Structure formats: structure tokens, C-alpha cells
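Input: a single structure, listed below in C-alpha cells.
Everything numeric here is computed off the predicted structure, so don't read it as measured data. Naming: A, B, ... by sequence-line order, numbering from 1 per chain.
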Number of protein chains: 2
Amino acid sequence: MSTSTGRRLRADAEHNIARILAAAEEVLAVDPAASLEQIGEAAGLTRATVHRRFASRQALLEALTERLNQRYLSALDQSKAETAPPLVVLRRLTEIVFELKISHRFTMELMSARDGCRSGLSPEVEAGLEQVFVRLREAGEITATGADWCRQVYLALLHEAHELPDDAADLVAAGRSRAELVVRAVVGALGGAPSPVGG
Amino acid sequence: MSTSTGRRLRADAEHNIARILAAAEEVLAVDPAASLEQIGEAAGLTRATVHRRFASRQALLEALTERLNQRYLSALDQSKAETAPPLVVLRRLTEIVFELKISHRFTMELMSARDGCRSGLSPEVEAGLEQVFVRLREAGEITATGADWCRQVYLALLHEAHELPDDAADLVAAGRSRAELVVRAVVGALGGAPSPVGG
DNA sequence: ATTAAGTGATACACGCCTGTCGCAGTTAAG
DNA sequence: CTTAACTGCGACAGGCGTGTATCACTTAAT
């Protein structure tokens, strides 16, 4: 709905849209309540121009989330393309998302802030993620069946691992790789052992 | 630092402080950017009175976090008092914190929003939580050694389980109890199996 | 009952962000 | 080159939240 709203833009205008989005990400990562003025300044543009490209602050934020959803899709493609074993897919995906968390910190948190029960992720991304867990289950790596639960646990552990200081003991134990740590934790959380109690 | 700043307050004033805090929690849970006016109205008081009791918005928020930290401490006491087995302690603690997440939703999220690497939790609460994981490790239930990692994983999984819809498949599998689900996931994530990959 | 504390109501100053104009100058596109 | 698009600049109106202060009134404390 935001891609090509009317007729084609001039090249420089299109270019400025990119600069605004990049600047917004950069500035809002530092101060989530930053004004459009600050964003424009960081983009080397005027507030007026920001308004010309994005009718409202809300519109700008929506453009940011749409952009991140595209990166997510691309990440999913990159990691599962070669029909690799599901654990490898999970590890690759994790590594890419770690990079996204660095370059798109603000938007990541924006999308994590659920309103109600929505995840902020596009349906396509959610479906792609679900596929990863379906394959993990088929391969016997996990036992959990709920798509929501799997996705939430994964993203949560990914996030926490990312917040971890560089010299954390558990990181060393995982061979210095945050991705390794996440993969192990996710597999453990989603059910290495079937059911130690009842049922 | 906020308890008994100067001389004693009159009884009704002290009472109003409690009403303001309760109203703030209630209102901010719905709209985190709500004005002091809205909070005052919800408390049956005027904005002026809110300002009399809390010099600034910032001061009010700090009072909220201090309050929640006290609840955390009390929760830790309640769950580990009887020297119960660590897994039971974890489950009890989880159940209590679930209730806190309902009654203190806003403040929970306020404290989760880390600025830098601080957790928002008071040192006492962090220490108490660490003790729980130390005992879990001594009992052989987990293998992870990092205090930060353990705490973060626990709180994250707790949060995600709480966000889960009531009819989630994994909840049924865990015997309908979110606390059960969290305990299993935490134990799994923090290392049921030592190290399936390398040295 | 007396006094000090507390509240309601109202008003004001201040600052900030948003959204929208218009105009002059610059730049891409054909 | 010529035109239409785009930007910078400045200005404006409107809204909202904060923080402070004053004054009359009510209430707890002793």
C-alpha cells in the first residue's frame, strides 16, 4: 500500500526517501521520541521535506516497519534457500537477524511492542518463520507445536542473547557465537525432552 | 530515597499517594503516554494535587518502579521461604510474577525497557533471582552459569508465556498452567543437555 | 475548637511538536 | 533548453503537556 502510491517520483525524491528512512532509524534508535525536525536534520533535509515524503509521523513509522519486514523476508530466503538441515537454517537465520538488530534497532523494538496480540510481523514473515519450526519438529529437534509460542520464544531468546555483554560466561561456553547460544536455548526451550512430568 | 522525604504527611495525603500510584498504573497500562491530568482524574484528584505529591512526571515513574521492586522482593520471599526444591521455587515465583504482570503491566514494561545494560531491577531483586538459579544449578537442573543470561531468559520466557492466548496448544500440553510451561522452557533453555555439539 | 495541612479551581508562562502554506531558487527529465 | 518537479526557508496556527502560583475552602490532628 505504500509502494508506488501514485505516479513515479523523480530520482532525487526517491533517493531522499531512503535517506529519511535511514536517518529515522539512526535517530530514533537513540531517542525514540525524537522530533521530525531532528530526523530531517540527520538526513540533511528540512522538516518540510520530511513532511512532503511522509504525510505524518505515523506514515513514516509504517514505512519503517514495512522496510524491516522486507529484510526479514530476505533473511528467511537466504537461510533456507539451500534446503539445509533445519538446525543450520536456524543458526543462519539467527546470525542475519542479529545484524538486523544492530542496523534496525529502533524498528525492531517498534515491531516488538505488540498492541494487543499482534506481532508486528507481516503474515508472510510469520508464515516463513513457522515453516522453520515445522521442519525442526519434523526433524525431531523440538516437540512444541504452537506456532505463536515457537516464534515468541525464538525472538525473545534472540533478543536477550543480543543484549548480552560480550564477555558473558555462557557465550564463551557456546563457542563465542551468540547464534550458537540461541540455537541451543531455543531447542531446549521448545522441547528436547518430550514431557518429564505427566501425560 | 523516596520513602519519607521530609516530615510526616497527613493521613489523607498519604492515602492519596497510594491512589495516584494505583491510578497511574491503571491509566498508563492503557496509554503509556497518558498525561498527568488523565492520571489525576482516574485517581479522583486534580492535576495540581498530583504535582504536589510528585514533583515531576519522572518522580512519579520512579515511585512506580520502586513499588514494583518491593513486590518482587516480597515474591521472592514468598516462594523460597520454605526451602522447597528449586524447581518448585521457580514455579511458585513464576505464578506470583504472572499476577504482577497483570496488576503492574505498565511498570513491568517500564522496567523491562533497558537503557544501556541496566535491568531496571533493584540490586536486591537481582541478587535474589540469582540465588534461585544458583540453587537450580546445584541441584543439577540447569547448566548455564551466567547470572545475566539466566535472569534474562527467565524473564523473557515468562513474558512470552504471559502473552500467549489462553487456548495455545503448548499450554494444554503443559497442563493448562503457564507457570509449568515457563519452568520447562527455562530449564530446557538453560541447559538440560550439557553440550550436544563441541567440546 | 483551633491550627496547620491539604485540596480544588483557575490561570499563566513556557516549550515543544505537528501540520500546512507560500515563495524563491534549484535540479532532474524530456 | 524548457518544463515540471523538488527543495530550502520562513512563517503561521493549533494543540498538548508541564510546571508554578494564588486563593478560598475543607479536613485531619491535637
Open item on the list: Looking at B/Ala75, is its backbone amide N or carbonyl O close enough to the side chain of B/Gln78 to form a donor-acceptor pair, meaning the two atoms are under 3.5 Å apart?
Closed with: no
Task: Side-chain heavy-atom pair B/Trp149, A/Leu181 within 4.5 angstrom cut-off - done: yes
TODO: Output the distance between atom OG1 (A/Thr49) and atom CD1 (A/Ile17), rounded to the nearest 0.5 Å.
DONE: 11.5 Å
TODO: Could you pick out which residue, A/Leu9 or B/Gln58, lies toward the 5' side of DNA chain D when each is mapped onto its nearest nucleotide?
DONE: A/Leu9
TODO: Return yes if some donor-acceptor pair links the side-chain N/O of A/Ser103 with the main-chain N/O of A/Glu99 below 3.5 Å, else return no.
DONE: yes
Open item on the list: What residues from residues 33-50 of chain A pass a heavy-atom cutoff of under 4.0 Å to DNA chain D?
Closed with: A/Gly44, A/Leu45, A/Thr46, A/Arg47, A/Ala48, A/Thr49
Open item on the list: Strictly below 4.0 Å, N to O, side chains only: are A/Arg91 and A/Glu95 in salt-bridge contact?
Closed with: yes
Open item on the list: Could you tell me the boundaries of the chain B footprint on DNA chain D, defined by atoms under 4.0 Å from its heavy atoms?
Closed with: D/dG17 to D/dA29
Open item on the list: Please check: side-chain N/O of B/Arg137 versus main-chain N/O of B/Ala144, any donor-acceptor pairing under 3.5 Å?
Closed with: yes
Open item on the list: Does anything in residues 12-21 of chain A come within less than 4.0 Å of DNA chain D? Heavy atoms only, and list the residues if so.
Closed with: A/Ala13, A/Asn16
Task: Any donor-acceptor pair under 3.5 Å from B/Arg19 side chain to B/Ala43 backbone - done: yes
- [ ] Mind calculating the distance between NE2 (A/His51) and P (C/dT18) to the nearest angstrom?
- [x] 6 Å
Open item on the list: I'd like to know if B/Arg178 pairs up with B/Asp166 as an ion pair, taking the criterion as any Lys NZ or Arg NE/NH1/NH2 lying under 4.0 Å from an Asp or Glu carboxylate oxygen.
Closed with: yes
Open item on the list: Measure CZ/B/Arg10 against C1'/C/dG6 and give the value in whole Å, please.
Closed with: 5 Å
Task: A/Asp148 with A/Arg151: basic N within carboxylate O range, under 4.0 Å - done: yes
Open item on the list: Looking at B/Ser56 and B/Ala59, would you say the former's side chain and the latter's main chain have a donor-acceptor pair under 3.5 Å?
Closed with: yes
Task: Side-chain donor/acceptor of B/Asn69 to backbone N/O of B/Val125, under 3.5 Å - done: no
Open item on the list: At less than 4.0 Å, is any side-chain N or O atom of A/Arg57 found next to OP1 or OP2 of C/dT18? Yes or no.
Closed with: yes
TODO: Could you state the atom-to-atom distance from CZ of A/Arg8 to P of C/dA28 in whole Å?
DONE: 15 Å
